[in-house]
There are 2 protein chains.
Amino acid sequence: MPQLRSPSRSSAALATTQPEWLDTIIKGDCVSRMAALPAHSVDAIFADPPYNLQLGGDLTRPDQSKVDAVDDAWDQFESFAAYDAFTRAWLLAARRLLKPNGTIWVIGSYHNIFRVGAIMQDLGFWTLNDIVWRKSNPMPNFRGRRFQNAHETLIWASKDKDAKGYTFNYDAMKAANDDTQMRSDWLFPICTGGERLKDAEGSKTHPTQKPEALLARVILSSTRPGDTILDPFFGTGTTGAVAKRLGRHFVGIEREDSYIEAATDRLLSVEPLDADFLQTLTPKRAEPRVPFSSVVEAGLLPPGTELTDAKGRWQAHVRADGTIASSTGEAASIHRVGARVQGLDACNGWTFWHVRDGGRLRVIDELRQIVRERIAVSGA
Amino acid sequence: MPQLRSPSRSSAALATTQPEWLDTIIKGDCVSRMAALPAHSVDAIFADPPYNLQLGGDLTRPDQSKVDAVDDAWDQFESFAAYDAFTRAWLLAARRLLKPNGTIWVIGSYHNIFRVGAIMQDLGFWTLNDIVWRKSNPMPNFRGRRFQNAHETLIWASKDKDAKGYTFNYDAMKAANDDTQMRSDWLFPICTGGERLKDAEGSKTHPTQKPEALLARVILSSTRPGDTILDPFFGTGTTGAVAKRLGRHFVGIEREDSYIEAATDRLLSVEPLDADFLQTLTPKRAEPRVPFSSVVEAGLLPPGTELTDAKGRWQAHVRADGTIASSTGEAASIHRVGARVQGLDACNGWTFWHVRDGGRLRVIDELRQIVRERIAVSGA
DNA sequence: AGATAGTGTGAATCAGCGA
DNA sequence: GTCGCTGATTCACACTATC
């Protein structure tokens with residue numbers, strides 16, 4: 001097996017315990033190969049399963065019986081049933097490998113995505129989004145009998161309904177999109193030009209090679225550096241190439257020797273990006289918790305200081321124990337009092353309350369940030 | 001029954017043979033009502049079935065106001081199996097009514113569209129396209145836990161694989177789209193403002209009223225004047241209103257009296273129109289939003305590239321996820337970091353940041369323009 | 001009258017932690 | 001497992017109120 005491993009950065013000390021299948025391509029049928037891997041071992045899955053319902057080689061009927069001459073509708077149903085059985089099998093095997101907070105991405109077109117999506121729901125996957133990949137340069141419809149088929153669909157799902165701890169780099173996606181949240185429709189060109197792998201004769205190595213930009217958004221949005229991403233239909237290894245470049249681990253499963261060969265060469269030439277450029281924004285949720293009392297104790301808001309909302313409609317006073325008291329005399333946390341004066345159920349006191357600082361009002365969240373920075377410096 | 005009929009243009013001579021249910025709203029359950037209509041009697045079907053949203057508790061906006069959720073009884077199903085049985089029943093009844101060369105449209109979201117699509121395939125419908133309705137003004141994701149759900153999906157299918165004679169007004173669609181083929185992704189605003197039906201108290205009559213522009217494109221693309229369009233989930237009658245305006249016949253089936261009443265009033269006020277309506281079908285947009293990450297992923301600004309302002313006073317470097325980090329270590333969007341290094345509240349990062357290109361500095365807005373040209377798409 | 005600021009709202013499967 | 005508290009979170013428009 002060629003050395004495809006991305007440098008093991010964050011887990012350098014654990015290198016000896018890294019499973020031997022990490023950052024490799026496993027040859028064989030994906031269902032049986034997935035069954036041989038340990039459960040709960042991958043953080044994310046990206047799957048680009050065969051779309052064509054007539055791919056006999058990829059499909060095995062539940063019973064290997066030969067079907068007599070039947071009418072079209074029945075034959076169609078048979079082939080759908082075979083595709084469904086195949087889909088259920090690989091999705092089940094994939095689900096077993098997924099960590100409880102892992103997520104799965106599956107890409108398809110109208111030929112297969114409805115069946116895949118319904119089976120995913122049946123198996124308990126919980127849809128987070130369906131994403132539309134809008135192709136900026138799709139193939140035209142030559143016969144003029146339909147709309148130009150200009151998109152494909154991705155389904156992004158967590159392992160089950162109650163898995164709330166999945167990774168979604170919301171802040172990074174928003175920052176990357178001019179500070180408005182990333183939508184469910186993505187625009188990318190199809191894979192062409194130098195990115196498209198060609199064989200010696202100049203014909204494309206793989207019929208449906210996906211653009212690296214698409215995989216990059218998938219990986220950057222839903223995984224963290226050091227995570228492991230499984231691709232059970234590895235093909236020419238776009239998932240692995242982007243994962244390696246972005247400091248993630250990968251596992252690929254592929255049956256065809258020619259694809260494995262192309263993917264191996266490709267992966268060897270990928271240089272991981274410097275870790276400095278892979279850092280993503282720290283979600284606010286993950287920042288250290290600072291009690292309001294710490295702001296008081298730090299002297300930034302001495303007891304007795306008057307707080308007010310941004311428009312000066314409500315007032316409260318800071319008390320020594322880290323509670324505040326509204327003018328009506330009710331004392332509680334900054335959040336509770338903020339909610340109560342407005343007559344709401346909830347309120348983020350950090351962004352609601354302000355303090356007069358010279359001529360202007362300053363939101364107390366800035367004071368929390370000062371305390372956080374002091375804590376960081378002291379190495380706490 | 002009030003007179004809702006559209007003037008019978010092409011079939012004036014046949015007016016005496018026009019069935020009594022044409023251009024009317026039939027009250028009742030759609031499965032049994034469809035069973036009472038003659039087979040092969042409609043040219044097209046537009047169906048907006050319940051989506052089977054499975055909503056948990058309340059959802060509040062950041063300002064603590066409550067989102068008015070779709071919690072109507074008609075959208076509740078006990079299980080996927082119950083939803084599937086319902087779907088199979090109405091699709092079977094609908095298929096019986098469809099003429100051999102008729103087509104069916106079904107709209108849904110990721111909650112239901114996969115199941116609907118799979119069942120349609122099982123019943124023998126032949127998918128012609130899946131169409132993405134991109135909403136120009138979708139509701140945000142308030143908790144930042146997913147991508148903004150900014151689209152819905154329509155499936156367009158013929159009665160069976162061998163039905164080749166269906167109507168598709170290819171040239172009209174192409175002409176309406178600046179003389180390039182109409183794509184499978186359509187951009188329309190959601191139904192708001194004066195078009196949105198309100199009750200006496202000013203609250204929306206129907207929770208999921210669809211925009212007329214969407215129905216107009218459906219009807220203009222796949223039916224001819226004088227055709228009959230069935231809507232088994234008529235609601236407040238958008239399908240009927242647009243059909244009447246465009247010189248088509250309609251049949252609506254609806255259970256709720258309040259919706260029937262609103263639809264009846266609405267239909268009476270519709271005036272049939274000439275087909276210059278086409279022009280409203282292609283909403284013109286300003287230049288498409290290009291995420292900064294797309295410039296990074298396009299290879300124009302590889303991660304690690306140093307950015308600087310026009311005078312070289314401040315520096316930052318590009319990170320893989322589309323954020324940038326200043327030399328002081330602060331990371332955020334190109335706009336935020338630009339603002340912060342200057343000590344300003346806001347900054348247009350596209351025009352502030354430059355990159356060294358040979359000997360000269362090049363503003364990154366030029367790179368955005370390059371990406372725009374690469375991904376130029378009508379209606380983007 | 002016209003500009004500006006403020007408010008309302010849409011098919012939504014929308015927390016995490018510690019006690 | 002439940003309960004309770006902290007505190008994180010919104011885009012594009014249409015419409016209304018105010019200056």
Side-chain angles (χ1 to χ4, degrees), chain A residues 101 121 125-130 157-158 160-166 168 170-171 174 177-184 283-287 289-293 311 322 332-336 338-339 345-353 364-365 368, chain B residues 48-72 74-77 80 107-113 133 135-153 189-196 198 202-204 206-211 233 235 285-286 289:
Chain A
N101 278 325
Q121 290 178 318
F125 287 108
W126 191 247
T127 310
L128 297 169
N129 283 111
D130 60 333
S158 62
D160 61 68
K161 180 180 180 178
D162 300 315
K164 306 282 191 187
Y166 59 87
F168 178 52
Y170 173 80
D171 301 286
K174 182 173 173 177
N177 192 40
D178 276 15
D179 292 322
T180 60
Q181 53 184 215
M182 192 71 83
R183 297 170 42 116
S184 56
K284 286 233 179 96
R285 292 176 230 275
E287 288 185 19
R289 177 164 299 208
V290 173
F292 180 68
S293 57
K311 293 178 183 169
S333 73
I334 52 173
H335 313 297
R336 285 275 149 261
D345 288 336
C347 168
N348 183 342
W350 290 110
T351 52
F352 177 74
W353 292 111
I364 63 171
D365 201 34
R368 175 169 65 161
Chain B
D48 183 8
Y51 287 8
N52 189 24
L53 259 45
Q54 296 163 55
L55 305 178
D58 287 347
L59 179 64
T60 53
R61 298 185 172 83
D63 66 2
Q64 301 299 323
S65 65
K66 188 165 167 284
V67 173
D68 184 16
V70 178
D71 53 3
D72 306 69
W74 49 255
D75 199 49
Q76 311 292 324
F77 292 83
F80 282 136
I107 185 168
S109 66
Y110 67 83
H111 309 84
N112 71 323
I113 199 67
W133 167 28
K135 302 180 183 183
S136 56
N137 51 348
M139 187 157 68
N141 183 291
F142 293 115
R143 312 308 279 269
R145 295 296 296 151
R146 305 176 176 196
F147 296 97
Q148 181 183 30
N149 189 10
H151 73 276
E152 295 189 25
T153 300
I190 60 177
C191 183
T192 59
E195 188 184 325
R196 188 83 195 222
K198 305 272 174 60
S203 55
K204 53 192 178 192
H206 193 285
T208 70
Q209 185 182 341
K210 296 293 178 288
F233 306 97
R285 290 282 294 173
R289 183 190 298 277

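The chains referred to below are lettered A, B, ... by the order of the sequence lines, with proteins before strands, and numbering in each begins at 1.
If you check dT10(D), dA8(D), dA12(D) against the side chain of R289(B), the one that comes closest is dA12(D). Picking from dA11(C), dT13(C), dT9(D) the nucleotide with the shortest atom distance to the side chain of D48(B) gives dA11(C). Distance from the side chain of F142(B) is smallest to dG10(C) among dT7(C), dA12(C), dG10(C). Across dA11(C), dT9(D), dT13(C), the shortest atom-to-atom separation from the side chain of T127(A) is found for dT13(C). Relative to the side chain of Y170(A), the nucleotides dT10(D), dG7(D), dT13(C) differ in distance, and dT10(D) lies closest. Side chain of S333(A), nearest nucleotide from dA12(C), dT9(D), dT6(D): dT6(D).
At dG16(C), one or more side-chain N or O atoms of R145(B) fall inside 4.0 Å of OP1 or OP2 (strictly under the cut-off). Proximity of N149(B) to the phosphate of dA11(C): no side-chain N or O atom is located under 4.0 Å from OP1 or OP2. Not one side-chain nitrogen or oxygen of H335(A) sits closer than 4.0 Å to the OP1 or OP2 atom of dT6(D). Of the side-chain N and O atoms in R368(A), one or more sit less than 4.0 angstrom from OP1 or OP2 of dA8(D). Phosphate proximity of dT9(C) to K204(B): absent, as no side-chain N or O sits under 4.0 Å from OP1 or OP2. The side chain of K174(A) places no N or O atom within less than 4.0 Å of a non-bridging phosphate oxygen (OP1 or OP2) of dT9(D). An OP1 or OP2 oxygen of dG7(D) is reached within less than 4.0 angstrom by no side-chain nitrogen or oxygen of K284(A). For dG16(C), the OP1/OP2 oxygens have no side-chain nitrogen or oxygen of Y166(A) closer than 4.0 Å.
For R61(B) and dG10(C), a side-chain-to-base donor-acceptor distance below 3.5 Å is present, hydrogens and geometry of angles not being considered. Side chain W350(A) to base dT6(D): no donor-acceptor pair is found below 3.5 Å.
Judged by Watson-Crick or G-U wobble contacts below 3.5 Å, the nucleotide dC3(D) has dG18(C) as its partner.
For the pair R143(B) and R183(A), nearest-nucleotide mapping onto DNA chain D gives the more 5' position to R143(B). Comparing G165(A) and K210(B), the nucleotide of DNA chain C nearest to each residue sits closer to the 5' end for K210(B). Heavy-atom distances to DNA chain C give each of N141(B) and P207(B) a nearest nucleotide, and the one nearer the 5′ end belongs to P207(B).
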>> Treating primed atoms plus P, OP1 and OP2 as sugar-phosphate and everything else as base, which nucleotides of nucleotides 14-19 of chain D get B, S or - for protein heavy atoms under 4.0 Å?
In response: SS----
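dT10(D) and dG16(C) have their P atoms separated by 16 Å, with the value rounded to a whole Å.
Evaluation of W126(A) against the base of dT13(C) yields a stacking contact (centre distance < 5.5 Å, interplanar angle < 30°).
The side-chain tip of R146(B) does not point at the ring of Y166(A) from less than 6.0 angstrom away and within 45° of straight on.
Nucleic acid contact class of P283(A) (heavy atoms, under 4.0 Å, all strands): none.
Using a 4.0 Å cut-off between charged nitrogen and carboxylate oxygen, K174(A) and D171(A) do not count as a salt-bridge pair.
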